[in-house]
There are 2 protein chains.
Amino acid sequence: MKRDTREIPYDCPIEATLGLIGGKWKALILDHLTDGALRFGSLQRLMPKVTPKMLTQQLRELEKDGLVERHVYPVVPPKVEYELTDFGQTVLPILDAMCVWGREYLDDQRKKDRKKS
Amino acid sequence: MKRDTREIPYDCPIEATLGLIGGKWKALILDHLTDGALRFGSLQRLMPKVTPKMLTQQLRELEKDGLVERHVYPVVPPKVEYELTDFGQTVLPILDAMCVWGREYLDDQRKKDRKKS
DNA sequence: CTGTATCCGAGTCGATACTG
DNA sequence: CAGTATCGACTCGGATACAG
């Protein structure tokens, strides 16, 4: 992800996928949005370690790539919601697969760590 | 991702997964190794755009994370083969899923591009 | 509330040359 | 053949301050 010459089209589908969801916080954002639309502030509270700058940047890229939709409500105070598009929904199985696999990996790691100590 | 503070354990399984296979060329390397062990030079020829430095770096990380095994044959000229471990094999379904999804995305993109022109 | 602007250091990556 | 060493450009991302 990053990390990417995003203008040059990807030859490899795997690279393309990583380009779309491999960004530093994208998978996490996508994950949080699975339960429904969220406001900017809510996302920030869910990911305290992400600066507003990064959050905006990642959201804009997700929007550009058609995974997320941005809804602006013309009210005061400003209200903006982010929501998965239909296309965005289609990545969820991949995210799930990564989650399952990652969890097993982490469990194994922890077992090894316990053995060592 | 390189992109990673690899010493700090990942809290999120998805992040962990991306940490292991999200590196700039890792998915591609893994993909090439699915058909069997390959030598350093063969990998280089399959990925001409990857410098030896990067190839070495990515391979070492894959090795450290237990996805790939490095076999050194003490002969002249030197011969080194890289091979997926059993654990490395378990990522392949994820790679496949990303590949399928990425291909559909790329196809859609191309359709849109044709419409525009 | 939802961002943007600016600065700046750390890390990444390519190019090139070289080694056992 | 299979790498390593070194340099430098570039990028990423954090901190901070500010704006509509």
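Everything numeric here is computed off the predicted structure, so don't read it as measured data. We use all heavy atoms of the structure for the numbers below, so side chains are in, but hydrogens, waters and symmetry mates are not. Proteins come first, then strands; the chains are lettered A, B, ... in the order of their sequence lines, and each starts at number 1.
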| Can you get from B:Leu95 to B:Val100 by hopping between Ile, Leu, Val, Met, Phe, Trp and Tyr side chains that sit under 4.5 Å apart? | no

| query | Whole-Å distance between C:dT4 P and A:Leu55 CG? | reply | 11 Å

| task | State the CG-NZ distance between A:Leu18 and A:Lys26, to the nearest 0.5 angstrom. | result | 10.5 Å

| So among A:Thr56, A:Val50, A:Leu55, A:Thr51, which one has a side chain to side chain contact (heavy atoms under 4.5 Å, CB included) with A:Lys53? | A:Thr51

| Distance, rounded to the nearest Å, where B:Gln57 contributes CD and C:dA15 contributes C1' | 15 Å

| request: To the nearest 0.5 angstrom, please state how far the CG atom of B:Leu59 sits from the CD1 atom of B:Ile29. | output: 4.5 Å

| Residues from residues 33-45 of chain A lying under 4.0 Å of DNA chain C - heavy atoms | A:Arg39, A:Phe40, A:Gly41

| query | Would you say the side-chain atoms of A:Glu81 and A:Tyr73 include a donor-acceptor pair closer than 3.5 Å? | reply | yes

| query | What nucleotide, of D:dT4, D:dG14, C:dC13, holds the atom closest to the side chain of B:Met54? | reply | C:dC13

| field | Between the first and last five pairs of the helix from C:dC1-D:dG20 to C:dG20-D:dC1, the angle of the axes, rounded to 10 degrees | value | 50°

| Which atoms form the tightest heavy-atom contact between B:Ala27 and A:Ile14, and what is the distance? | CB-CG2, 3.3 Å

| said: Let's see if you get this right: which residues in residues 69-84 of chain A place a heavy atom under 4.0 Å from DNA chain D? | reply: A:Pro78

| message | From CD of A:Gln58 over to C1' of C:dG3, roughly how many Å is that when rounded to an integer? | response | 16 Å

| message | With clusters defined by side-chain heavy atoms of hydrophobic residues (ILVMFWY) lying less than 4.5 Å apart, directly or transitively, does B:Val72 cluster with B:Leu38? | response | yes

| request: To the nearest Å, give me how far apart NZ (B:Lys53) and P (D:dT6) are. | output: 12 Å

| request: Would you mind reporting whether B:Asp86 and B:Thr90 have side-chain heavy atoms less than 4.5 Å apart? | output: no

| said: What is the separation between atom CZ on B:Arg60 and atom P on D:dA5, rounded to the nearest whole Å? | reply: 11 Å

| request: May I ask you to verify if any side-chain N or O of B:Lys24 is less than 4.0 angstrom from the OP1 or OP2 atom of C:dG14? | output: yes

| request: Decide yes or no for A:Leu106 and A:Arg110: does some side-chain heavy atom of the first lie under 4.5 Å from some side-chain heavy atom of the second? | output: yes

| remark: When rounded to whole Å, the CG to P distance for the pair B:Leu59 and D:dC1 reads 17 Å

| note | Minimal heavy-atom distance between B:Arg103 and A:Pro13, with the atoms involved, is N-CB, 3.6 Å

| message | Side chain of A:Trp25, heavy atoms from C-beta onward: which of D:dT4, C:dG14, D:dG14 has the nearest atom to it? | response | D:dG14

| Gap between atom CZ of A:Arg70 and atom CZ of A:Arg60 - 0.5 Å precision | 4.0 Å

